[in-house]
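This is a predicted model, so every value here is computed, not measured. Counting convention: from 1, in listed order, for ligands and their atoms alike.
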Amino acid sequence: MPRRGWRPPVIRFLKSSLLVLSVSSLGLGVAPLYAQDDVKIGFIVKKPEQAWFINEQDAASALGKQKGFEVVRLSGEDGQQVLSAIDNLNSQGAQGFVICPPDVRLGPAIANRAKQYGMKVVTVDDQFLGADGKPMDSVPHLGMSGYKIGQQVGETIAKEMKARGWDPQSVAALRISNNELPTAKERTDGATAALLDAGFVKDNIFDAPQQNTDTSSAFAAASPVLSKNGDFEHWVIYALNEESVLGGVRASEQYGLSPDQVIGVGINGSGAAFAEFSREKATGFYGTIAVSSTMHGRQSADNLYTWITEDKQPPANTQTTGTLMTRDNWKQVREDLGL
Ligand code: FCA
């Protein structure tokens, strides 16, 4: 049995063409193309189990409830899953989707599939790369301003090193890197630049390339780097997000470093950080640059909704900013950012 509201693709196509035709033949370029209740969008994320993405999808669903459109939450952990999620959305009659892709190089394939179905696409967090390796400007994007937020990470680490009276000459950095993902590289590059500006020694920065953007891949990448560089007493840890920094911090604990020997600073300000700050004793996870995942989820869904209903294409690239969150202020920052 087809699900309720399902219409054969031909009928849907005819219906939307007729709508477009009648709107354009009347010269009403700004009239809504769809009645509110007809709008259904997908929200596809690469890591559905991570608090950051759960919060984004929650915020999009809440907006849908408020404005009267439906949000279908889907996982897209690899290319195959993304393509079937898009097929699934099409058979449900969705007019478009927001996506944080599992691999930014899938951009052209995803955009093609969407085009075949006449669906609109916007990206959130991780921007598609075209076949030429450059960001796909044709797909509207909303994401964090990676380099700047990375700089905030580096500045925070440098300030805390000073507060602890560490000699910058003898501190090592564990840079958990993910250079395949441009936003990740921007973030770690920004952090590195700020650390070097503050007098950090370049040769003391050690890369731990992770395969993914989660805690376990960061833990696996960090462990051998720590054991190979056993001479250092003090370590700082940074990465594209707090989940990965937490992997590095867990590896440092397993290696035998105590919290006062480690300064880890992440990015996101999601449930992963709240859980860490709620522990009875402080850990090597000093802080995180919090960005509003609520705003990311809400705004990207709203941009798509406006595009579908008013034919207004969203801005090509919206960049968001961050706020330092530590064990001392996390509840306040959480409230301020609506998290
Ligand atoms: C990437 C990271 C997420 C989050 C997001 C804004 O997708 O993997 O943790 O930082 O950017």
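Residue-to-ligand polar distances keep Gln50 apart from ligand 1: every N/O pair is separated by 3.5 Å or more. Residue Thr183 has no N or O atom closer than 3.5 Å to an N or O atom of ligand 1.
Ala272 and Glu242 make their closest contact through CB-OE2, 4.0 Å (heavy atoms, listed as atom of the first residue, atom of the second, distance). Minimum interatomic distance between Glu243 and Thr213 (heavy atoms only, all atoms of both residues): CB-O, 4.3 Å.
Counting only heavy atoms of the protein, atom 2 (C) of ligand 1 lies nearest to Leu240 CD1, 3.8 Å. Summary of contacts: the protein heavy atom closest to atom 8 (O) of ligand 1 is Lys46 NZ, 2.9 Å. Protein heavy atom in closest approach to atom 4 (C) of ligand 1: Asn268 OD1, 3.3 Å.
Comparing heavy-atom distances from atom 1 (C) of ligand 1 across Asp125, Thr213, Asp126 singles out Asp126 as nearest. Relative to atom 11 (O) of ligand 1, the option among Met144, Gln127, Arg187 with the closest non-hydrogen atom is Arg187.
Under the 4.5 Å side-chain heavy-atom criterion for grouping Ile, Leu, Val, Met, Phe, Trp and Tyr, Trp330 is not connected to Ile263 through any hydrophobic cluster.
Expressed to the nearest 0.5 Å, how far CZ of Arg298 lies from OG of Ser61 amounts to 12.0 Å. To the nearest 0.5 Å, atom OH of residue Tyr255 and atom CH2 of residue Trp235 are 8.0 Å apart. A distance of 11.0 Å separates CG in Leu74 from CZ in Phe43, rounded to the nearest 0.5 Å.
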